[in-house]
Amino acid sequence: MDLVNSLNDRLLFAVPKKGRLNQACIELLAGSDIQFHRHNRLDIALVKNLPLALVFLPASDIPTFVGEGRVDLGITGRDVVAEHEAVTPATETSGIKELMDLEFGRCKLQVQVPEKGNIHSAEALVGKTLVTSFTGLSEQYFSEMEKKVAGANGESGDKLKTTIKYVGGSVEAACALGVADGIVDLVESGETMRAAGLKAIATVVDSTAVLISSKHPSDPKLVELITNRIKGVITAQKFVLCTYNVERKNLASASKITPGKRAPTVMSLDDEAWVAVQAMVERKTIASVMDDLSAMGATDIMVTKIENTRTC
Ligand SMILES: Nc1ncnc2c1ncn2[C@@H]1O[C@H](COP(=O)(O)OP(=O)(O)OP(=O)(O)O)[C@@H](O)[C@H]1O
Ligand SMILES: O=P(O)(O)OC[C@H]1O[C@H](OP(=O)(O)OP(=O)(O)O)[C@H](O)[C@@H]1O
């Protein structure tokens, strides 16, 4: 197969090839009916049912390819997009558009110091040494801190230059090894940080996975179609469908508990005094919504999974 020529006229969509975002992305593609077969060891897969090709890349490289317009669409972390933008300012033709928050891969890029040390604020790290994989964002963050501290002391910013060193991984080891006074690294559960005897003292970026596009994608209509499909899957994951029966006289109070996305669907029953109600409810609140409905006299409360959606 002439893979390079078969990419002509296809929209290119970059997906993390491994790591923490990979599995959720594969599930999102399946839910969006983007059908592909990835050959062993090949990082490009042609999509069977759309003029699209998937490119499997390291999450941290995706902003570069999308930002330069070589790839039209991508999924990656907001942290790596922000890092790319810190070192590569957008121009008229290059740059990244964030199309949608995908609400998975949640983590924070945080400034961390030894728990038992004498540094308790980011300002106290000014002029000291930091280790990170996010040098662009760290330089940006500490240059602001340097100005703040210099301003407060009436000193010149140069005297307070903070040293920022790059490492590719295992950043949390830097303080114990005596290479740094603090680190800037990702925190999800906080387990790695605590195990390394560190504590967070500031947040540089709050991150989730995002759908991004280049400034001028080759097929804007297809970008819109894919965005809508992905939005449908994300909404389906976020909501459940709640159905119940309630006395007509209690409908107004019940509607306050389950207002739905626009308004609840109300259906008549054979019994004039009762109605059946159906509404989308956020999955994370469903248990307390059911408690509240039950407490106000609703009966036959049922919750069903939503397979897919198109809502606005
Ligand atoms: N606990 C976490 N640690 C790191 N990244 C996380 C975490 N939770 C979510 N992420 C997100 O996943 C993205 C990819 O991180 P991950 O470490 O999985 O990448 P990777 O491709 O395996 O990179 P590397 O080989 O550099 O570690 C991060 O940029 C971040 O947005
Ligand atoms: O708060 P937690 O849930 O513990 O997750 C955070 C850790 O996960 C990431 O490292 P990763 O496992 O990707 O390995 P790395 O250190 O080689 O980057 C990140 O760099 C932290 O070290």
Side-chain angles (χ1 to χ4, degrees), residues 13-29 38 41-45 54-67 71 73-88 96-115 130-141 164-213 230 234 237-238:
F13 186 178
V15 182
K17 65 185 285 186
K18 63 180 176 70
R20 300 182 192 251
L21 304 181
N22 173 267
Q23 190 51 37
C25 287
I26 299 298
E27 284 164 22
L28 209 50
L29 295 174
R38 185 178 173 193
R41 304 206 53 77
L42 253 190
D43 284 339
I44 297 179
L54 300 177
V55 195
F56 294 89
L57 297 170
S60 53
D61 290 340
I62 290 177
T64 304
F65 286 97
V66 174
V71 167
L73 264 180
I75 295 179
T76 190
R78 187 179 283 114
D79 54 341
V80 291
V81 174
E83 173 66 15
H84 173 80
E85 287 174 337
V87 290
T88 319
I96 293 168
K97 282 195 278 184
E98 183 180 315
L99 301 180
M100 200 195 315
D101 185 344
L102 301 174
E103 302 183 35
F104 60 84
R106 198 170 291 279
C107 56
K108 288 171 191 273
L109 183 65
Q110 294 192 305
V111 183
Q112 302 164 38
V113 290
E115 196 159 23
L130 287 158
V131 157
T132 184
S133 303
F134 293 81
T135 49
L137 283 171
S138 302
E139 297 274 3
Q140 218 173 51
Y141 185 85
I164 301 195
K165 291 184 188 165
Y166 174 83
V167 296
S170 302
V171 185
E172 66 281 356
C175 294
L177 295 173
V179 190
D181 301 293
I183 63 166
V184 178
D185 195 17
L186 294 171
V187 178
E188 187 193 8
S189 65
E191 256 177 64
T192 308
M193 177 175 74
R194 284 190 291 275
L198 301 169
K199 65 175 180 191
I201 51 170
T203 298
V204 179
V205 171
D206 275 298
S207 185
T208 44
V210 284
L211 178 69
I212 55 172
S213 83
I230 291 179
I234 297 285
Q237 287 167 352
K238 201 169 158 190

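This is a predicted model, so every value here is computed, not measured. The figures that follow rest on heavy atoms only: side chains count, while hydrogens, waters and symmetry mates do not. As the structure lists them, so they are numbered: ligands from 1, and atoms in each ligand from 1.
Contact annotation: the side chain of K17 approaches that of P58 to within less than 4.5 Å [non-hydrogen atoms, C-beta and beyond]. At least one side-chain heavy atom of F134 sits under 4.5 Å from a side-chain heavy atom of L109. E188 has its side chain within reach of R20: a pair of non-hydrogen atoms, C-beta onward, lies under 4.5 Å apart. Between T76 and I212, some side-chain heavy-atom pair lies under the 4.5 Å cut-off. Within the 4.5 Å cutoff, the side chain of I75 has no heavy atoms near those of the V15 side chain. Between V81 and E98, the closest side-chain pair of non-hydrogen atoms is not below 4.5 Å.
With respect to R106 and D206, no salt bridge is recorded, no charged nitrogen being found less than 4.0 Å from a carboxylate O.
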Atom pairs and distances, ligand 2 N/O vs protein N/O under 3.5 Å:
from, atom 1, to, atom 2, distance (Å)
ligand 2, 1 (O), E188, N, 2.7
ligand 2, 1 (O), S189, N, 3.0
ligand 2, 1 (O), G190, N, 2.8
ligand 2, 3 (O), S189, N, 2.9
ligand 2, 3 (O), S189, OG, 2.6
ligand 2, 4 (O), T192, N, 2.9
ligand 2, 4 (O), T192, OG1, 2.5
ligand 2, 8 (O), R20, NH2, 3.0
ligand 2, 12 (O), R20, NH2, 2.5
ligand 2, 13 (O), R20, NH2, 3.4
ligand 2, 16 (O), S170, N, 3.1
ligand 2, 20 (O), D185, OD1, 3.0
ligand 2, 20 (O), D185, OD2, 3.2
ligand 2, 22 (O), E172, OE1, 3.4
ligand 2, 22 (O), D185, OD2, 3.3

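Exactly one of V187, T132, V171 qualifies for a side chain to side chain contact (heavy atoms under 4.5 Å, CB included) with Q112. That residue is V187.
Atom CZ of F56 sits in a crowded spot, with more than 12 heavy atoms from other residues, nucleotides or ligands closer than 6.0 Å.
The 4.0 Å heavy-atom shell around ligand 1 contains residues K18, G19, R20, L21, A59, G77, D79, V80, G105, C107, L186, E188, S207, ordered by chain and number.
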